[in-house]
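The block underneath contains the structure these notes are about, expressed in structure tokens.
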Amino acid sequence: RRHRKQMKEHRNNAHAQIKITEHQKLHKIHTQITEELRTRRDKRKDGHDGNWTWFGDEIKTNKEKGTVRLLNCNINGISSFNRYNAWEVTLHQLRSIDVDIFGFSEMNLNLKNKRIQYDLNEVTRKYDPHIKYIINGHDIESKSTYLPGGTLLGWIGRWNGRIIDKQTEELGRWCEIKMLGKSNTTVTIINMYRVCKKGKNEGKNTIRMQQIDALSRKGRINEEPREAILKDLQKRINHIHSGGGGVILMGDYNENTQQTTGRIADFLKDSGLKNAITIKDGQNKELLNTHINGSDSIDMIAVSKHFEE
């Protein structure tokens, strides 16, 4: 009996040491990535002098009570290398800044592949079983784990009990969750990706061609996918608003989101949405570029106008 007790204590100590080692490894990788991004940022030649400041609120790990932190990012791919170690590091980063709701676009994984779904779920479950998400992408046969595009919408911890509905759009362009608030109010959070403009050389599996193919299957022949997603989102958002619900739309619009005229401005107006940052800091607040090689703010979290109150 004493021997069994000693063996149990030994196993527990070994398990604790493994956990500590894994945490130290993740922390080291996270630090290396942060330093690399800082180095790249300071080397950029787009008019900035390297003395960067926040726009929007500064990220503090100790949030005020009642604060909900949303994060949206075009992640530009999650590598399957080393059993999806990059995904584990991403989860660690989300936890380190106390994110509640997060949306990623361009996962660049074949998200309809059952094996890939299982592997991602296993990494997430082992890292933190309280992190949940839904994914959406195009249904294309591929022997590789790589497939351009794909969206993911996730939530962490206590928010799981607030979610009353989850949906993935049938053409693979966005995913959404519906959350219950105080006094039976609801808010639908949507994470989407709008494709780039037509390029010179388009392969059959580019995100743009995937969406053209998906639209064609629905009889929407030769419809421009950049216009189609805005039209369909507007219809969806107005339907939610007509039922008294609020909307938070986040994603990569692949177009300047701060212009007061143009397609995005018209879309926001007709959908009853406003840029969350300009609500707080004013329309004249100059937004920084959100693409490492671009000059415009092409990513945005837009919210229903009643959030201004």
Side-chain angles (χ1 to χ4, degrees), residues 14-44 52 54 56 58-63 68-111 113-137 144-160 175 189 191 193 207 250-252 290-293 299 301:
H15 180 70
Q17 290 172 5
I18 291 171
K19 281 288 186 182
I20 292 172
T21 302
E22 289 178 348
H23 178 77
Q24 290 172 339
K25 180 182 70 174
L26 285 171
H27 180 73
K28 182 178 179 181
I29 294 172
H30 176 252
T31 302
Q32 290 173 342
I33 292 174
T34 302
E35 290 300 321
E36 174 65 19
L37 290 174
R38 185 178 292 113
T39 301
R40 290 184 186 181
R41 180 197 68 185
D42 292 341
K43 287 181 178 179
R44 287 175 53 194
W52 287 59
W54 296 98
E58 183 177 355
I59 299 176
K60 298 179 180 179
T61 53
N62 296 321
K63 297 180 301 189
V68 182
R69 178 164 291 160
L70 284 79
L71 180 145
N72 180 252
C73 176
N74 182 325
I75 204 165
N76 197 25
I78 288 291
S79 173
S80 60
F81 178 73
N82 196 17
R83 298 181 180 180
Y84 294 92
N85 178 257
W87 179 237
E88 189 174 4
V89 172
T90 300
L91 298 176
H92 180 70
Q93 290 174 312
L94 291 172
R95 268 301 195 186
S96 69
I97 57 174
D98 204 9
V99 170
D100 296 301
I101 311 291
F102 58 97
F104 294 138
S105 57
E106 285 202 89
M107 294 287 289
N108 293 347
L109 289 171
N110 188 1
L111 295 176
N113 183 293
K114 298 297 183 182
R115 182 64 201 184
I116 294 175
Q117 292 178 11
Y118 175 82
D119 289 342
L120 287 176
N121 286 336
E122 277 297 286
V123 172
T124 306
R125 182 185 63 81
K126 290 179 180 178
Y127 177 76
D128 186 343
H130 299 104
I131 299 178
K132 307 293 183 182
Y133 59 82
I134 55 175
I135 54 178
N136 202 7
S144 170
T145 60
Y146 176 79
L147 185 67
T151 57
L152 179 147
L153 180 58
W155 55 97
I156 299 177
R158 61 193 177 98
W159 300 106
N160 193 49
C175 40
I189 303 175
N191 182 44
Y193 176 78
I207 313 174
M250 52 188 185
D252 183 348
T290 56
H291 188 283
I292 193 167
N293 295 319
D299 301 89
I301 297 179

### Tyr118 and Lys114, any side-chain heavy atoms less than 4.5 Å apart
no
### Message
Using the rule given for side-chain contact (heavy atoms from CB on, under 4.5 Å), can you reason through Leu147 versus Leu109, listing the C-alpha separation, both sets of side-chain angles and the distance that settles it, and then say yes or no?
### Response
CA-CA 5 Å; Leu147 185 67; Leu109 289 171; over 6 Å; no
### Summary
Test side-chain contact (heavy atoms from CB on, under 4.5 Å), reference Ile101, set Leu70, Leu71, Ile301, output is Leu70
### Message
I want to check something: taking the side chain as every heavy atom from C-beta on, are Thr90 and Phe104 in contact at a cut-off of under 4.5 Å?
### Response
yes
### Query
Is Asn108 reaching over with its side chain to a backbone N or O of Pro148, donor-acceptor style, under 3.5 angstrom?
no
### Message
Using a 3.5 Å distance criterion without hydrogens, assess whether the side chain of Lys63 forms a donor-acceptor pair with backbone atoms of Asp98.
### Response
yes
## Note on the structure
Those residues at least two apart in sequence (or on a different chain) that pass salt bridge (charged side-chain N to carboxylate O under 4.0 Å, His left out) with Arg69 are none
### Query
Roughly how far, to the nearest 0.5 Å, is the CZ atom of Arg125 from the NZ atom of Lys132?
9.5 Å
### Query
Is a side-chain N or O of Asn113 found less than 3.5 angstrom from the main chain of Ile116, in a donor-acceptor match?
yes
### Task
Quick one: sort the Trp87 and Phe102 rings into parallel, tilted or perpendicular, breaks at 30° and 60°.
tilted
### Query
Considering all heavy atoms of both residues, which atom of Ser105 and which atom of Asp252 are nearest to each other, and what is their separation?
OG-CB, 3.9 Å
### Query
Does a donor on one side chain and an acceptor on the other come within less than 3.5 Å for Glu106 and Asn74?
yes
### Message
Looking at Leu152, is its backbone amide N or carbonyl O close enough to the side chain of Asn191 to form a donor-acceptor pair, meaning the two atoms are under 3.5 Å apart?
### Response
yes
### Message
Has Gln117 got a side-chain atom pairing as donor or acceptor with Leu111's backbone, closer than 3.5 angstrom?
### Response
yes
### Message
If I compare all heavy atoms of Trp159 with all of Ile156, which pair ends up nearest, and what's the gap?
### Response
CD1-O, 3.3 Å
### Query
Got a second to check how far Arg115's CZ is from Asn110's CG, nearest 0.5 Å?
14.0 Å
### Message
With side-chain contact (heavy atoms from CB on, under 4.5 Å) as the criterion, how do Thr124 and Tyr84 come out once you've worked through the C-alpha distance, each side chain's angles and the decisive distance to 0.1 Å?
### Response
CA-CA 10 Å; Thr124 306; Tyr84 294 92; over 6 Å; no
### Message
Side chains of Asn160 and Trp155 only: does a donor on one sit below 3.5 Å from an acceptor on the other?
### Response
yes
### Query
Arg95 and Leu91: side-chain contact (heavy atoms from CB on, under 4.5 Å), yes or no, with the steps?
CA-CA 6 Å; Arg95 268 301 195 186; Leu91 298 176; over 6 Å; no
### Message
Rounded at 0.5 Å granularity, tell me how far CE in Met107 sits from CD1 in Ile135.
### Response
7.5 Å
### Query
Can you check side-chain contact (heavy atoms from CB on, under 4.5 Å) on Ile189 and Met250, steps first, answer last?
CA-CA 8 Å; Ile189 303 175; Met250 52 188 185; 4.0 Å; yes
#### Entry: Donor-acceptor side-chain pairing of Tyr133 and Asn121 below 3.5 angstrom
yes
### Query
Under 3.5 Å, is there a donor-acceptor pair linking the side chains of Asn72 and Asp299?
no
